[in-house]
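Model, not experiment: these values are computed from the prediction.
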Amino acid sequence: MSVSFYNTLSRKKEAFEPLHPTNVRMYVCGPTVYDYVHIGNAVPVVAFDVLFRLLRHLYGEDCVTYVRNITDVDDRIIERAAESNQDIGELTARTTLAYQRDMAALINLSPSVEPRATDHIEQMVTMIETLLQNGHAYEAENHVLFRVKSDDGYGALSGRTLEDMIDGARVEVAPYKEYAGDFVLWKPSDDGVPGWDSPWGRGRPGWHIECSAMSKAYLGETFDIHGGGLDLIFPHHENEIAQSACSHGGAPLANVWMHNGFITVEGQKMSKSLGNFFTVHELLEEWPGEVLRYTLLAGHYRRPLDWTQKGMTQARQNLNKFYQTLRMLEDVEAAPSEPSERLVSALCDDLNTPKALTVMHSLKDDANRASSEAEKAKLKGELLASGALLGLLQQNPMDWLQGIAIVPMQSMHMEVEVGPSVDEDYINQMISDRNEARKNKDFGESDRIRDALAEQGIILEDGPQGTTWKKA
């Protein structure tokens with residue numbers, strides 16, 4: 001099956017051919033861990049998790065390496081630790097764990113490797129030394145800076161001229177720079193601020209050099225795919241390309257650059273001042289992680305996504321329909337199956353998840369109409385396998401319908417309960433009281449209990465095997 005992705009570097013969709021089919025490699029920029037991440041930060045995690053699943057399906061689980069870093073040394077971290085009077089190590093340990101739990105709750109696989117920047121200072125120093133030796137970097141007032149004008153290819157990813165990049169860009173103006181666009185590779189650290197010994201004195205790395213050093217450590221000088229948000233194209237990814245290529249004798253950093261679009265909330269830019277800034281942690285207190293995941297998958301990863309209450313409600317309703325179908329088929333043993341070829345084809349076309357979800361709905365409808373046991377078994381197997389490729393429908397149908405969602409957290413050998421909890425003991429007691437009322441032919445009381453539960457979002461279903469319940 002042909003595979004193609006949109007390459008930001010070439011500005012067109014290209015056929016994907018890995019450098020080594022038995023060693024497919026991808027790197028995605030991870031979080032700077034100083035607080036809970038917002039829903040926009042989850043967009044690349046979910047999008048590239050689907051890509052990871054697709055590549056594993058196409059080339060084999062043992063043939064794909066996915067690296068997503070943790071930035072645990074950064075000025076924002078230092079500022080937050082000072083504001084809250086916390087030890088920086090304790091702050092980053094807590095926020096890293098919170099990030100991992102939240103991403104697990106969105107049913108993302110753990111990456112193959114999740115390196116922390118502070119564990120790779122030596123590799124960063126070595127890369128900086130190489131750049132100094134070949135004239136692509138220089139020392140100035142205890143800083144080491146990359147000499148942008150020494151790289152003829154600078155600007156290819158963003159498509160900007162040097163003048164465009166300086167005008168209004170996020171560049172630090174400093175008198176010790178040869179050129180305003182030169183960026184920091186190493187900077188000095190004052191007492192009380194994280195720092196490491198180096199040939200240029202005690203200091204810490206610049207932001208961009210971290211990803212170049214970590215990607216090289218696990219994926220080599222050149223790898224297949226580099227991913228991240230549109231906001232990272234410049235300056236972060238542009239600078240990664242420059243420092244990596246210039247320290248590797250011109251070898252490209254990555255062959256394919258993939259970037260996800262921005263997110264708005266109810267049609268507005270997400271902002272704390274507007275009161276529409278939502279962290280994943282906050283959303284998980286009200287919604288199951290699978291609802292958040294489905295909502296993100298309903299839009300194409302490269303397009304802008306408007307995060308709305310209506311969209312989340314629709315996602316929950318759609319998932320309810322899928323799980324109701326699976327519950328109807330719970331006595332049917334699923335036939336061993338591969339994901340739908342139509343669904344795989346949709347994902348192979350630049351991760352077209354909206355089209356893939358349409359295929360999922362078609363499978364569901366076919367399963368609802370199936371008459372023979374063999375056909376039901378086949379469609380159930382295909383529906384589950386297809387869902388797994390998207391990170392969906394892996395929970396027990398009745399648990400889902402009753403509002404119980406448990407997601408395995410692979411990297412930490414623990415489970416994360418997501419979504420608002422329900423008081424099962426209370427519901428079961430109410431069902432018992434209702435059964436007693438019905439037995440005594442007190443149908444007024446029976447109806448009262450049923451209606452009271454319905455007002456709380458609990459729907460009772462009477463059947464041959466007794467009364468069961470689910471969330472509305």
Inset, instruction - Could you please spell out the steps behind the side chain to side chain donor-acceptor pair (under 3.5 Å) verdict for Thr308 and Glu266? - result: CA-CA 5 Å; Thr308 66; Glu266 302 289 352; 4.8 Å; no
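- Here the CG atom belonging to Leu283 is positioned 6.0 Å from the CE atom belonging to Met312, to the nearest 0.5 angstrom.
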Legend entry - Test side chain to side chain donor-acceptor pair (under 3.5 Å) applied to His237 and His208, step by step: CA-CA 8 Å; His237 288 168; His208 314 299; over 6 Å; no
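- Atom CG of Asp119 and atom CE of Met214 lie 9.5 Å apart (nearest 0.5 Å).
- A donor and an acceptor atom, one from each side chain of Thr32 and Asp74, are nowhere located under 3.5 Å apart.
- Taking the six-membered ring where the residue is Trp, Phe322 and Tyr294 present tilted rings, their angle falling between 30° and 60°.
- Not one N or O on the side chain of Ser244 forms a donor-acceptor pair closer than 3.5 Å with the backbone of Ile241.
- Side-chain atoms of Asp72 come within 3.5 Å of backbone N or O of Thr118 as a donor-acceptor pair.
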Legend entry - CA sep, side-chain torsions, deciding dist, call: His143, Trp186, ring pair (Phe, Tyr, Trp, His ring centres under 6.0 Å): CA-CA 6 Å; His143 290 71; Trp186 190 265; over 10 Å; no
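- Here the straight-line distance linking atom CG of Leu145 with atom CG of Leu131 works out to 11.5 Å at 0.5 Å rounding.
- Looking at heavy atoms from C-beta onward, Val3 lies out of side-chain contact with Leu55 at the 4.5 angstrom threshold.
- Both tests do not hold together for Arg68 against Tyr27: distance to the six-membered ring centre under 6.0 Å, angle to the ring axis within 45°.
- The backbone N or O of Ala388 lies less than 3.5 Å from a partner atom in the side chain of Arg53, making a donor-acceptor pair.
- Within 6.0 Å of the CD atom in Gln317, the count of heavy atoms belonging to other residues, nucleotides or ligands exceeds 12.
- When all heavy atoms of Arg293 and Leu106 are compared, the closest pair comes out as NH1-O, 3.0 Å.
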Legend entry - Stepwise side-chain contact (heavy atoms from CB on, under 4.5 Å) test for Trp200 and Val125: CA-CA 10 Å; Trp200 319 288; Val125 169; 3.8 Å; yes
Inset, instruction - Would you sort out whether Phe262 and Thr264 count as a side-chain contact (heavy atoms from CB on, under 4.5 Å), showing the intermediate values? - result: CA-CA 7 Å; Phe262 294 121; Thr264 56; over 6 Å; no
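- The only option from Val50, Leu296, Asp350, Val43 that meets the side-chain contact (heavy atoms from CB on, under 4.5 Å) definition with Tyr301 turns out to be Asp350.
- Here the straight-line distance linking atom CD1 of Ile225 with atom CZ of Phe223 works out to 10.0 Å at 0.5 Å rounding.
- Between Tyr323 and Trp400, the two ring planes are parallel [angle under 30°; tilted spans 30° to 60°].
- No side-chain heavy atom of Arg302 sits less than 4.5 Å from a side-chain heavy atom of His259.
- In terms of modelled atom types and a separation under 3.5 Å, the side chain of Gln268 and the main chain of Val265 share no donor-acceptor contact.
- Two rings, from His38 and Phe278, have their centers 6.0 Å or more apart.
- Shortest non-hydrogen contact noted between Leu384 and Leu393 is CD2-O, 3.6 Å.
- The number of heavy-atom neighbours closer than 6.0 Å to OH of Tyr36, taken from other residues, nucleotides and ligands shown, is 12 or below.
- A donor-acceptor pair under 3.5 Å links the side-chain atoms of Asp49 to the main chain of Leu109, judged by distance alone.
- Arg25 and Thr65 form no side-chain donor-acceptor contact under 3.5 Å, judged by distance and modelled atom types alone.
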Inset, instruction - Evaluate the criterion side-chain contact (heavy atoms from CB on, under 4.5 Å) for residue pair Asp182 and Tyr176; output intermediate values, then yes/no. - result: CA-CA 10 Å; Asp182 294 345; Tyr176 51 78; over 6 Å; no
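- Met258 is not listed as a side-chain neighbour of Asn7, based on a closest heavy-atom distance of 4.5 Å or more.
- The closest side-chain donor-acceptor pair between Glu290 and Gln394, if any, does not fall under 3.5 angstrom.
- With a 6.0 Å radius and a threshold of 12 heavy atoms from other residues, nucleotides or ligands, Asp62 has its CG atom at or below the threshold.
- Residue His57 comes nearest to Pro339 through the heavy atom pair CE1-CD, 3.5 Å, listed as atom of the first residue, atom of the second, then distance.
- The six-membered or imidazole ring of Tyr218 lies near that of His120, with a centre-to-centre distance under 6.0 Å.
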Inset, instruction - Verify side chain to side chain donor-acceptor pair (under 3.5 Å) between Gln314 and Asn318, making sure each step is shown before the conclusion. - result: CA-CA 6 Å; Gln314 185 63 57; Asn318 286 333; 3.2 Å; yes
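- Side-chain contact between Ile128 and Thr126 is absent, with no heavy-atom pair separated by less than 4.5 Å.
- Atom NZ of Lys216 sits about 4.0 Å away from atom NE2 of His248, to the nearest 0.5 Å.
- Looking at Asn352, its side chain never comes within 3.5 Å of a backbone N or O of Leu347 through a donor-acceptor pair.
- When all heavy atoms of Glu338 and Glu382 are compared, the closest pair comes out as O-CG, 3.9 Å.
- Within the 3.5 Å criterion, the main-chain N or O of Leu383 finds no donor-acceptor partner in the side chain of Ser386.
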Inset, instruction - Please lay out, stage by stage, how Arg202 and Ser189 fare under the test side chain to side chain donor-acceptor pair (under 3.5 Å). - result: CA-CA 6 Å; Arg202 183 177 180 275; Ser189 290; 4.6 Å; no
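- Interatomic distance, Gln243 CD to Ile209 CD1, rounded to the nearest 0.5 Å: 4.0 Å.
- Remark: Lys187 engages Asp75 in a salt bridge, criterion side-chain N to carboxylate O under 4.0 Å.
- Glu114 and Ser110 form no side-chain donor-acceptor contact under 3.5 Å, judged by distance and modelled atom types alone.
- Between the side chain of Thr353 and the backbone N or O of Ala356 there is no donor-acceptor pair closer than 3.5 Å.
- Note on ring orientation: taking the six-membered ring where Trp is involved, the planes of Tyr59 and Phe16 are perpendicular (angle over 60°, cut-offs 30° and 60°).
- In summary, the side chains of Tyr99 and Asn41 do not present any donor paired with an acceptor at a separation below 3.5 Å, with no hydrogens or angles considered.
- No side-chain donor-acceptor contact under 3.5 Å links Asp151 to the backbone of Val148.
- In summary, Arg76 and Glu79 do not engage in a salt bridge, as defined by a charged side-chain N under 4.0 Å from a carboxylate O.
- Between Asp35 and Arg80 there is a salt bridge, since a side-chain N of the basic residue sits under 4.0 Å from a carboxylate O of the acidic one.
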Inset, instruction - Kindly determine whether Val67 and Ser215 satisfy side-chain contact (heavy atoms from CB on, under 4.5 Å), including the steps that lead there. - result: CA-CA 7 Å; Val67 179; Ser215 64; over 6 Å; no
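- With Phe277 as the aromatic partner, Lys272 meets the cation-pi criteria of under 6.0 angstrom to the ring centre and within 45 degrees of the ring axis.
- Nearest heavy-atom pair across Glu240 and Ser212 is O-OG, 3.4 Å.
- By the 6.0 Å contact criterion, CD on Glu341 is open, its count of non-hydrogen atoms from other residues, nucleotides or ligands being 12 or less.
- With hydrogens and angles ignored, the 3.5 Å screen pairs a side-chain donor or acceptor of Thr95 with a backbone N or O of Val33.
- Here the closest non-hydrogen pair linking Leu157 and Arg11 is O-NH2, 2.8 Å.
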